[in-house]
Amino acid sequence: MRSAQVYRWQIPMDAGVVLRERRLKTRDGLFVYLRDGERDGWGEISPLPGFSLESLDDAQSALLGWVNAWRQGDDRALPEVPSVAFGISCALAELNDALPEAADYRAAPLCTGDPDDLVIKLADMSGEKVAKVKVGLYEAVRDGMVVNLLLEAIPELTLRLDANRAWTPLKAQQFAKYVNPDHRSRIAFLEEPCKTRDDSRAFARETGIAIAWDESLREADFRFEAEPGLKAVVIKPTLTGSLERVKAQVAAAHALGLTAVISSSLESSLGLTQLARIAAWLTPQTIPGLDTLDLMQTQLIRCWPGSLLPCGAIEDMEPLL
Ligand SMILES: O=C(O)CCC(=O)C1=CC=C[C@@H](O)[C@@H]1C(=O)O
Ligand SMILES: [Mg+2]
């Protein structure tokens with residue numbers, strides 16, 4: 001006997017969360033719950049405004065159509081909509097015991113503003129010290145100085161940087177000028193420094209700073225290829241699609257000798273804990289990019305170990321079926 005429910009939810013965000021120049025006041029999304037006899041599973045469907053091509057309403061109708069068919073015994077293909085395919089595939093994987101429970105709850109601490117906050121977080125971090133710093137939001141020269149200062153102050157630190165394509169070649173050069181060449185190898189990678197892929201490749205060539213693709217993975221002409229200066233690909237499952245597709249992308253990256261980093265699309269704690277499991281399963285050697293829970297004011301259903309945020313229950317969500 002199959003049964004299912006779809007829940008819609010809204011989580012207030014921390015005051016300062018800005019995505020693609022838009023303030024994100026709330027994170028809105030859906031959960032799917034599937035039950036088949038004694039087995040069950042949850043999945044999260046939360047398209048990210050400014051990054052996902054689908055709206056939440058598009059996702060909701062694709063999800064409801066699939067779930068209504070599934071509960072009547074129709075095992076149809078997953079919808080094409082990436083966030084929906086991801087959420088349903090997670091629920092099915094839980095139901096079929098195909099998503100291992102072990103999780104990688106290490107998260108590279110994310111710094112979007114004050115570097116002093118990062119220094120405090122890093123002091124508490126045990127094991128490998130890796131952090132992610134957003135660049136391209138302020139002056140490129142300031143970014144260069146901050147990165148240099150962090151690398152100088154903490155000798156065992158490795159940094160991941162992310163410019164989200166903010167820089168012209170000139171700005172990217174201004175940034176690099178302030179980073180001591182001796183420290184550049186401790187920049188594990190810089191995600192998408194420039195507006196075009198060719199400019200980003202030239203930046204890697206000219207500065208010796210390794211780059212990573214993130215936004216590029218969602219472009220129609222993108223191919224997985226090893227190229228000089230390219231170190232990693234950042235895989236955001238909510239933007240990618242089904243778990244099968246995520247697995248295929250991780251395998252393609254590994255086959256080329258590239259690092260694959262599983263990264264958050266600002267999912268709720270339920271989705272984030274599943275991403276921590278996906279990371280432990282598919283990219284066990286790599287710390288995932290999942291330090292986004294504290295951008296939110298609450299957790300939902302499943303909690304991130306050690307988080308002090310309150311955790312909402314099923315009653316806090318709106319059932320749609
Ligand atoms: O990758 C991480 O370490 C955390 C997630 C993260 O940096 C992002 C999540 C979602 C949107 C972006 O602002 C940003 C990114 O571009 O990678
Ligand atoms: Mg990125």
Side-chain angles (χ1 to χ4, degrees), residues 11 13-14 16-24 26-29 44 46-53 82-83 86 104-113 117-118 121-122 125 128-138 143 157-167 172 187-195 197 200 203 209-219 222 230-240 246 249-250 253 258-269 271-276 278-279 282-283 286-296 304:
I11 297 175
M13 298 297 281
D14 215 47
V17 180
V18 177
L19 266 190
R20 293 247 196 276
E21 283 132 42
R22 277 195 279 174
R23 192 163 293 280
L24 192 67
T26 61
R27 189 76 177 95
D28 296 76
E44 170 164 343
S46 48
L48 185 61
F51 286 77
S52 294
L53 298 179
S83 58
F86 175 61
D104 190 346
Y105 292 117
R106 297 171 305 165
L110 183 62
C111 172
T112 49
D117 294 346
L118 183 63
K121 272 194 187 175
L122 286 168
M125 195 173 173
E128 199 184 331
K129 285 195 200 293
V130 185
K132 173 161 173 177
V133 178
K134 281 274 174 196
V135 293
L137 299 170
Y138 307 98
D143 286 334
L157 176 66
T158 305
L159 285 180
R160 298 171 178 174
L161 308 176
D162 190 354
N164 290 107
R165 299 185 163 177
W167 289 332
I187 297 176
F189 53 76
L190 197 167
E191 290 172 39
E192 307 269 354
C194 299
K195 294 192 194 331
R197 265 184 257 157
S200 292
F203 169 84
I209 295 173
I211 56 168
W213 299 136
D214 176 356
E215 282 83 345
S216 294
L217 269 67
R218 268 100 54 200
E219 289 181 332
F222 181 79
L230 177 68
K231 177 76 169 297
V233 291
V234 175
I235 298 176
K236 291 183 162 58
T238 286
L239 309 182
T240 305
V246 171
Q249 290 200 345
V250 170
L258 298 171
T259 302
V261 182
I262 298 292
S263 158
S264 128
S265 308
L266 276 58
E267 288 83 358
S268 75
S269 59
L272 273 185
T273 55
Q274 287 181 327
L275 291 174
I278 293 167
L282 302 180
T283 60
T286 305
I287 297 188
L290 301 179
D291 186 29
T292 54
L293 185 59
D294 286 337
L295 303 175
M296 300 184 169
W304 187 271

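Counting convention: from 1, in listed order, for ligands and their atoms alike.
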J.: Any non-hydrogen side-chain atom of Asp291 less than 4.5 Å from a side-chain atom of Lys121?
T.: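 In contact.
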J.: Does the side chain of Lys236 come within less than 4.5 Å of Asp214's, by heavy atoms?
T.: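 A side-chain contact exists here, since the closest heavy-atom pair is under 4.5 Å.
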J.: Do Arg27 and Leu48 come close enough that some side-chain heavy atom pair is under 4.5 Å?
T.: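 Yes, their side chains come closer than 4.5 Å.
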J.: So if I count the atoms of ligand 1 from 1 in the order they appear, which ones are less than 4.0 Å from some heavy atom of Leu266?
T.: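 Under 4.0 Å from Leu266, ligand 1 has these atoms: 9 (C), 10 (C).
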J.: Please check if atom CG in Leu137 has more than 12 non-hydrogen atoms from other residues, nucleotides or ligands closer than 6.0 Å.
T.: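 Counting neighbours around CG of Leu137, more than 12 heavy atoms of other residues, nucleotides or ligands fall under 6.0 Å, so yes.
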J.: Of all the N, O or S atoms in Asp162, which has the shortest distance to the Mg ion (ligand 2)?
T.: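 This turns out to be OD2.
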J.: Heavy-atom contact check, 4.0 Å cutoff: does Ala108 meet ligand 1?
T.: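 In this structure, Ala108 fails to qualify as a contact of ligand 1 - no heavy atom is under 4.0 Å.
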J.: Hey, is Glu191 one of the residues with a heavy atom under 4.0 angstrom from ligand 1?
T.: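 For ligand 1, residue contact (heavy atoms, under 4.0 Å) with Glu191 is present.
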J.: For ligand 1, is Val261 a contact, meaning one of its heavy atoms is under 4.0 Å away?
T.: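 Checking ligand 1 against Val261, which is what was asked, there is no heavy-atom contact under 4.0 Å.
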J.: If we set the cut-off at 4.0 Å for heavy atoms, which region of Asp291 has an atom near ligand 1: side chain, backbone, both, or neither?
T.: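 It is neither; nothing of Asp291 touches ligand 1.
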J.: Please determine which of Val233, Ile262, Thr240, Thr286 meets the side chain to side chain contact (heavy atoms under 4.5 Å, CB included) test together with Val250.
T.: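 The side chain to side chain contact (heavy atoms under 4.5 Å, CB included) with Val250 is passed solely by Ile262 among Val233, Ile262, Thr240, Thr286.
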J.: By number and element, which atoms of ligand 1 are closer than 4.0 Å to a non-hydrogen atom of Asn164?
T.: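 Every atom of ligand 1 under 4.0 Å from some heavy atom of Asn164: 15 (C), 16 (O).
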J.: Heavy-atom contact under 4.0 Å between Asp214 and ligand 1?
T.: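 Checking ligand 1 against Asp214, which is what was asked, there is a heavy-atom contact under 4.0 Å.
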J.: Would you call the rings of Trp167 and Phe203 parallel, tilted or perpendicular if under 30° counts as parallel and over 60° as perpendicular?
T.: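 Tilted, since the angle between the ring planes falls between 30° and 60°.
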J.: State, to the nearest 10 degrees, the angle whose vertex is the Mg ion (ligand 2) and whose arms point to OE1 of Glu191 and OD2 of Asp214.
T.: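 Angle OE1(Glu191)-the Mg ion (ligand 2)-OD2(Asp214): 100°, rounded to 10°.
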J.: Which atoms of ligand 1 have any heavy atom of Phe51 under 4.0 Å away?
T.: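 Near Phe51, the atoms of ligand 1 are 11 (C), 12 (C).
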J.: Which of the numbered atoms in ligand 1 are below 4.0 angstrom from a heavy atom of Leu19?
T.: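 That gives atoms 11 (C), 13 (O) of ligand 1.
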J.: Just heavy atoms, cut-off under 4.0 Å: does Lys236 contact ligand 1 by side chain, backbone, both, or neither?
T.: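 Side chain only.
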J.: Is Glu192 in contact with ligand 1, taking contact as a heavy-atom separation below 4.0 Å?
T.: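 No, that is not the case, since the closest heavy atom of the residue is not under 4.0 Å from the ligand.
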J.: Hey, does Val135 have a side-chain heavy atom less than 4.5 Å from the side chain of Asp162?
T.: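 When only atoms from C-beta onward are counted, Val135 and Asp162 do not touch, as no gap falls below 4.5 Å.
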J.: Using a strict threshold of under 4.0 Å (side-chain N to carboxylate O), is an ion pair present between Glu191 and Arg165?
T.: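 Salt bridge flag = no for Glu191 with Arg165.
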J.: With a 4.0 Å cut-off on heavy atoms, is Lys134 touching ligand 1?
T.: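 Heavy atoms of Lys134 do come under 4.0 Å of ligand 1.
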